[in-house]
Amino acid sequence: MSFRYFFCLILSLNLFVANAQTDSTENDPEDNTFTLFKPGPEGKTRFGVKMGVQTSTLLGSEMDNQKLLFGILGGLYGRYHLTKTWCLQSELQIAFRGSSFNNGENGEYSTIKLLYADLPLILFYEFGKDKNHSIGAGLQASNQMSANMYFNGVSIPGGKSPSLNKWDFLPILAYQHRFPFFILQSSAKYGLNNLNLGQPWPNNGKPLNNNGSIHNFALEFNIIF
């Protein structure tokens, strides 16, 4: 599936969900001021959209001189309440991850940018007086849609595709704070799979690939509607 097709699919689903939520509030006689933005009641199930930013890096024995790389993400979510305090949340999102590096000489790699399609599944426990707080744990399956490596001394765009493992599985720790019109969600994720396939870097980039381990690590900050 191409990135353009996947992006159009996500956008179409987002517009459909947003339109459905708007229609559900049009006949509310109690409050006409914020009719277009008023969220529906939290029932047994709920569907919506999410967007946010993340900071990521690549950990492991292969990587040196890492710096944080900032990226964006967006997608859809569905939440199902198992009990009054436990709920299961599934998500579909696209996200940019990777890492920057302090390698300073010409021919050394300076940035690795990765684009992923993610499928997280998180079990949340709700607590607090009005159940406004949630902590959760889960697992995410990720498929790499594209990968680019950039080098010092090469003008942008100079990205080349490194040979990396396309699949990753990431345990998740998450926290949610619920507000009247939206939810703030933060999460930490660490990749279990070694992404390094031991292939030489494009352009014989340095430091040379020594077949060490490479693992995704990301901190996400999302707003959920």
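Values in this document were obtained by computation on a predicted structure and should not be read as measured data. In this chain, residues are counted from 1 in sequence order.
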Go through it in stages, so that I can follow the logic: the residues are Gln54 and Ser56, the test is side chain to side chain donor-acceptor pair (under 3.5 Å), and I'd like the CA-CA distance, side-chain angles, deciding distance and then a yes or no.
CA-CA 6 Å; Gln54 66 179 353; Ser56 63; 5.1 Å; no

Applying side-chain contact (heavy atoms from CB on, under 4.5 Å) to Leu88 and Leu121, what does each step give before you reach the verdict?
CA-CA 7 Å; Leu88 192 62; Leu121 184 64; 3.9 Å; yes

Using the rule given for side-chain contact (heavy atoms from CB on, under 4.5 Å), can you reason through Lys113 versus Tyr150, listing the C-alpha separation, both sets of side-chain angles and the distance that settles it, and then say yes or no?
CA-CA 8 Å; Lys113 295 182 179 180; Tyr150 298 87; 3.7 Å; yes

Applying side chain to side chain donor-acceptor pair (under 3.5 Å) to Gln140 and Glu91, what does each step give before you reach the verdict?
CA-CA 9 Å; Gln140 171 177 298; Glu91 303 172 5; over 6 Å; no

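Checking each of Phe124, Phe221, Tyr77, Tyr175 against Gln185 for a side-chain contact (heavy atoms from CB on, under 4.5 Å) leaves exactly one that passes, namely Phe124. Applying the side chain to side chain donor-acceptor pair (under 3.5 Å) test between Glu126 and each of His133, Arg178, Lys84 identifies Arg178 as the sole match.
Side-chain contact between Asp168 and Asn143 is absent, with no heavy-atom pair separated by less than 4.5 Å. The side-chain heavy atoms of Ile224 and Gln89, taken from C-beta on, include a pair separated by under 4.5 Å. Residues Pro202 and Phe151 form a side-chain contact, since some pair of their non-hydrogen atoms from C-beta on lies under 4.5 Å apart. With a 4.5 Å cut-off on side-chain heavy atoms, Leu192 and Pro171 count as touching. Side-chain contact check for Leu170 versus Asp118: every heavy-atom pair is 4.5 Å or farther apart. Inter-residue side-chain proximity for Asn222 and Ser186 is flagged as unmet; no heavy-atom pair is nearer than 4.5 Å. At a threshold of 4.5 Å between non-hydrogen side-chain atoms, the residues Phe169 and Asn193 count as touching. The shortest distance between side-chain heavy atoms of Ile223 and Ile183 does not fall below 4.5 Å.
Note that Arg97 lies in the cation-pi zone of Tyr116, set by a 6.0 Å cut-off to the ring centre and a 45° limit from the axis.
The two residues Ile172 and Leu139 come nearest to each other via the heavy atoms CD1-C, 3.8 Å. Of all heavy-atom pairs spanning Ala147 and Leu114, the tightest one is CB-CD2, 3.5 Å. Taking both residues in full, the closest heavy atoms of Leu173 and Ala137 are given as CD2-CB, 4.2 Å, listed atom of the first, atom of the second, then distance.
For an aromatic pair to be called close, the ring centres must be under 6.0 Å apart, and Phe179 with His177 satisfies this.
Proximity of a side-chain donor or acceptor of Lys50 to a complementary backbone N or O of Gly75 within less than 3.5 Å is not detected. With hydrogens and angles ignored, the 3.5 Å screen pairs no side-chain donor or acceptor of Asp130 with any backbone N or O of Asn132. A side-chain donor-acceptor contact under 3.5 Å links Asn194 to the backbone of Ile214.
Between the CD1 atom of Ile112 and the OG atom of Ser100 there is a distance of 9.5 Å, given to the nearest 0.5 Å. We find the CD-OG distance between Gln93 and Ser142 to be 7.5 Å, quoted to the nearest 0.5 Å. Note: Tyr109 OH to Asn148 CG = 15.5 Å, rounded to the nearest 0.5 Å. Interatomic distance, Asn203 CG to Lys160 NZ, rounded to the nearest 0.5 Å: 5.5 Å.
Using a cutoff of 4.0 Å between basic side-chain nitrogens and carboxylate oxygens, Lys206 and Glu105 are not scored as salt-bridged.
Leu82 and Ile135 fall within a single hydrophobic cluster, where Ile, Leu, Val, Met, Phe, Trp and Tyr side chains are chained together by heavy-atom contacts under 4.5 Å. In terms of hydrophobic clustering, with Ile, Leu, Val, Met, Phe, Trp and Tyr side chains grouped at heavy-atom distances under 4.5 Å, Tyr80 and Trp86 are assigned to a common cluster. In the hydrophobic clustering of ILVMFWY residues, with side-chain heavy atoms under 4.5 Å counting as a link, Leu197 and Leu164 come out apart. Linking ILVMFWY residues whenever their side-chain heavy atoms come closer than 4.5 Å, directly or via other members, places Trp201 and Phe101 in the same cluster. One hydrophobic cluster, built from ILVMFWY side chains closer than 4.5 Å, holds both Leu76 and Phe182.
Relative ring orientation between Tyr190 and His215 is described as parallel, the plane-to-plane angle staying below 30° on a 0-90° scale split at 30° and 60°.
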Donor-acceptor contacts, no H, no angles, side chain residues 57-73, under 3.5 Å, sequence neighbours left out:
| unit_1 | atom_1 | unit_2 | atom_2 | d |
| --- | --- | --- | --- | --- |
| Thr57 | OG1 | Ser99 | OG | 3.0 |
| Ser61 | OG | Ser213 | N | 2.9 |
| Ser61 | OG | Ser213 | OG | 3.3 |
| Glu62 | OE1 | Asn210 | N | 3.1 |
| Glu62 | OE1 | Asn211 | N | 3.1 |
| Glu62 | OE1 | Gly212 | N | 2.7 |
| Glu62 | OE2 | Asn210 | N | 3.1 |
| Asn65 | ND2 | Asn103 | OD1 | 3.0 |
| Gln66 | NE2 | Leu58 | O | 2.9 |

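At a cut-off of 3.5 Å, with distance as the only test, a side-chain donor of Asn209 or Asn196 sits close to an acceptor on the other residue. Using modelled atom types and a 3.5 Å distance limit, the side chains of Asn152 and Glu108 yield no donor-acceptor pair.
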